[in-house]
Amino acid sequence: MADTRIDENKDLKEEIRERYAERAREVSEQQKTTSCCGNSASSCCGSTQAVPNDKTARGLYSIDETGELPREAVLASLGCGNPTALAELHPGEVVLDLGSGGGIDVLLSAKRVGPTGKAYGLDMTDDMLALARENQAKAGVTNVEFLRGEIEDVPLPDESVDVIISNCVINLSLDKDKVLAEAFRVLKPGGRFAVSDMVYQGDVSSVPEEIMRSVELWGGCIAGALGDDDYIGRLEKAGFVEAEVVPTTDYREKYGHEIEKACGATLPDDVNLVGAFIRATKPHAV
């Protein structure tokens with residue numbers, strides 16, 4: 001099914017890139033307002049009219065965390081979790097955020113690893129990178145570097161990172177196996193994979209093709225989500241151990257109407273859509 005979707009949506013990557021570029025431009029234009037509403041279509045964990053605002057971001061992050069960041073970094077957050085809390089970062093570690101967007105998780109990571117550590121943010125969208133660098137300057141955080149690139153081809157050397165985080169981005173990739181292989185490559189032995197993502201629970205094969213082929217829902221982190229068992233299997237195939245998927249937020253009821261509106265189909269009763277923490281470890285060298 002995954003290969004079919006990729007073949008039938010050859011311009012999907014550009015669609016996704018433009019959606020997130022549009023979100024970055026919206027945030028830049030609304031810096032002084034309390035509204036984040038716009039006309040763009042669905043984004044991770046819901047529409048841009050419902051998700052990237054202070055109230056929602058604070059549901060994922062503590063007020064202490066968001067209070068230390070530029071408001072634009074909070075507004076640009078389109079995630080479905082708080083991977084910086086999951087990762088249990090330590091001073092001196094090197095962190096890589098796959099699909100770093102406006103930089104919220106990179107900036108939080110940089111503070112946690114301290115001046116002896118470093119946080120990289122990787123994104124393929126120029127507008128998001130520009131916004132993230134502006135947020136870095138406003139926050140006065142120096143142990144950060146934002147890189148332009150794709151999560152299927154990470155521009156860092158082998159075994160150079162202690163922790164990989166990501167916030168509702170891997171589900172957007174058309175080649176998730178390549179993403180996980182790259183994550184394994186750049187992690188040091190013993191390094192940790194700790195991401196937030198959308199996943200399906202239940203019989204994913206019963207999800208209607210109208211949902212799985214929808215460009216709208218792929219850009220909204222729904223159509224491209226993996227089943228929980230499939231996610232674990234792909235991590236193990238990449239070489240990871242101790243892989244687990246821990247559900248955190250039930251999104252079926254909240255976003256069921258958006259699914260039906262986008263493609264006229266509904267999730268079957270035996271399938272659920274959740275936000276989850278996904279953990280895994282790269283084995284130590286033998």
Side-chain angles (χ1 to χ4, degrees), residues 60-61 65 79-100 104-114 116-123 143-145 147 149-173 175-201 221 224-249 274-286:
L60 301 174
Y61 302 88
E65 289 173 316
C80 55
N82 183 350
T84 60
L86 164 70
E88 300 179 356
L89 303 177
H90 306 295
E93 291 188 317
V94 178
V95 182
L96 169 63
D97 182 12
L98 300 177
S100 48
I104 184 171
D105 294 313
V106 178
L107 298 177
L108 288 174
S109 297
K111 290 179 179 293
R112 293 184 179 179
V113 300
T116 60
K118 185 166 185 175
Y120 289 100
L122 176 65
D123 207 281
N143 59 332
V144 161
E145 184 176 350
L147 307 171
E150 300 183 356
I151 61 176
E152 298 87 357
D153 188 15
V154 178
L156 288 174
D158 295 356
E159 300 185 358
S160 57
V161 174
D162 294 292
V163 185
I164 284 181
I165 63 172
S166 185
N167 201 346
C168 208
V169 171
I170 293 175
N171 53 57
L172 297 172
S173 174
D175 191 347
K176 296 176 179 62
D177 288 337
K178 186 67 167 66
V179 175
L180 300 181
E182 279 291 272
F184 190 87
R185 178 184 67 80
V186 300
L187 277 173
K188 300 174 184 178
R192 300 169 335 262
F193 178 89
V195 309
S196 296
D197 221 339
M198 300 284 275
V199 300
Y200 286 114
Q201 296 175 310
C221 306
L226 296 174
D228 49 6
D229 290 339
D230 188 16
Y231 215 131
I232 290 175
R234 290 172 188 251
L235 283 165
E236 292 174 345
K237 178 183 176 182
F240 287 98
V241 296
E242 301 172 352
E244 64 174 337
V245 174
V246 182
T248 57
T249 309
V274 300
F277 286 151
I278 297 94
R279 298 184 176 95
T281 303
K282 180 173 180 175
H284 286 279
V286 178

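Side chains included, hydrogens not; waters and symmetry mates left out as well; all remaining heavy atoms used.
Here the closest heavy-atom approach between residue A181 and residue A238 is recorded as N-CB, 4.3 Å. In this structure, V245 and P247 approach most closely via the heavy-atom pair O-CD, 3.5 Å. Here the closest heavy-atom approach between residue A119 and residue A110 is recorded as CB-N, 3.9 Å. In plain terms, the two heavy atoms of P283 and V241 that are nearest each other are CG-CG1, 3.8 Å. For I164 against V161, the heavy-atom pair with the smallest separation is CG1-CG1, 4.2 Å. Across every non-hydrogen atom of C168 and M198, the tightest pair is SG-CG, 3.5 Å.
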How far apart are the C-alpha atoms of I278 and L235, what are their side-chain angles, what is the distance that settles it, and do they pass the side-chain contact (heavy atoms from CB on, under 4.5 Å) test?
CA-CA 10 Å; I278 297 94; L235 283 165; 3.5 Å; yes

Donor-acceptor list for residues 87-95 side chains, cut-off 3.5 Å, not counting sequence neighbours:
residue, atom, partner, partner atom, Å
H90, NE2, E88, O, 3.0
E93, OE1, H90, N, 2.9
E93, OE1, R192, NH2, 3.1
E93, OE2, R192, NH1, 2.9
E93, OE2, R192, NH2, 3.4

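A search for ring pair (Phe, Tyr, Trp, His ring centres under 6.0 Å) contacts involving F184 returns F240, not counting sequence neighbours. Partners of D230 under the salt bridge (charged side-chain N to carboxylate O under 4.0 Å, His left out) rule, at least two apart in sequence or in another chain, are R234. With sequence neighbours excluded, the residues forming a side-chain hydrogen bond (donor to acceptor under 3.5 Å, both in side chains) with R185 are D158, E182, listed by chain and number. Residues passing the salt bridge (charged side-chain N to carboxylate O under 4.0 Å, His left out) test with E244 are R279, sequence neighbours excluded. For E145, the side-chain contact (heavy atoms from CB on, under 4.5 Å) test picks out K118, Y120, L147, with sequence neighbours left out. Every residue meeting the side-chain hydrogen bond (donor to acceptor under 3.5 Å, both in side chains) condition with E152, not counting sequence neighbours, appears here in chain and number order: S173. Here D162 pairs with K188 under the salt bridge (charged side-chain N to carboxylate O under 4.0 Å, His left out) rule; sequence neighbours left out. With sequence neighbours excluded, no residue forms a side-chain hydrogen bond (donor to acceptor under 3.5 Å, both in side chains) with E159. Every residue meeting the side-chain hydrogen bond (donor to acceptor under 3.5 Å, both in side chains) condition with Y231, not counting sequence neighbours, appears here in chain and number order: D197. Scored by the salt bridge (charged side-chain N to carboxylate O under 4.0 Å, His left out) test, K176 finds no partners at all (sequence neighbours excluded).
The closest donor-acceptor contact from the side chain of D228 to the backbone of Q201 lies at 3.5 Å or more, if one exists at all. In terms of modelled atom types and a separation under 3.5 Å, the side chain of S100 and the main chain of L122 share a donor-acceptor contact. Remark: side-chain polar atoms of N143 are paired, donor with acceptor, to backbone N or O of G114 under 3.5 angstrom.
Contact annotation: the side chain of V274 approaches that of V199 to within less than 4.5 Å [non-hydrogen atoms, C-beta and beyond]. In this structure, V195 and L98 have side chains that are not in contact, with every pair of non-hydrogen atoms separated by 4.5 Å or more.
Interatomic distance, CG of D97 versus CG of N167, reported as 7.5 Å (0.5 Å rounding). Distance check: D175 CG to I170 CD1 gives 12.0 Å after rounding to the nearest 0.5 Å. How far CD of E242 is from NZ of K282: 14.5 Å, rounded to the nearest 0.5 Å. Atoms CZ and OG1, on F277 and T249 in that order, are 8.0 Å from each other to the nearest 0.5 Å.
If you run side chain to side chain contact (heavy atoms under 4.5 Å, CB included) between I104 and each of L108, V106, L107, only L108 comes through.
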